[in-house]
Amino acid sequence: MPSSAHSTARLSEHTRLLRCVQGIQERCDRAAPWEPDTVGLPAPTSSSALSRINDVAFYAHAREEVSALAAVCAHLVRLHHPDGEESCASCAHPWPCASFVEISRLLA
């Protein structure tokens, strides 16, 4: 593959990954808050009241936590992008740099 085609393919992967993470963040931000009546919770007759309390606490904060995690991922993807010279604009390692490869692997 010619160098320019290789660079274009890598940029496309970068763009795809960034759009994916931004889409997750946007869907979280638009989603209705998760509350006990909108998500599945253990029945009130569950033998573990602590389990029910933990589930309610998890769901109460999950939307904001997922959105924050997606924002961190998007920031990392924006930092690590090809500089047009076959290296990463952030860390100057050959593109794709190890950071981008690992982020891509973990989010795939």
Quick one: does any side-chain atom of R27 pair with a main-chain N or O of G23 as donor and acceptor, under 3.5 Å? yes

Rounding to 0.5 Å, atoms NE2 (H80) and OG (S99) come to a distance of 4.0 Å

Connected via hydrophobic side-chain network under 4.5 Å: I103 and V72: yes

Is any side-chain heavy atom of C20 closer than 4.5 Å to one of L107? no

What pair of heavy atoms forms the shortest contact from A74 to L18, and how long is it? O-CD1, 3.7 Å

What are the two closest non-hydrogen atoms of S87 and A92, and how far apart are they? CB-O, 3.9 Å

Where is the tightest heavy-atom contact between H14 and W95, given as atom of each residue plus distance? CD2-CH2, 4.0 Å

Any idea which heavy atoms bring S90 and L79 closest together, and the distance? CB-O, 2.8 Å

Just wondering, are more than 12 heavy atoms of other shown residues or ligands nearer than 6.0 Å to CZ in R78? yes

Tell me the closest heavy-atom pair linking S104 and L17, and the distance in Å. CA-CD2, 3.7 Å

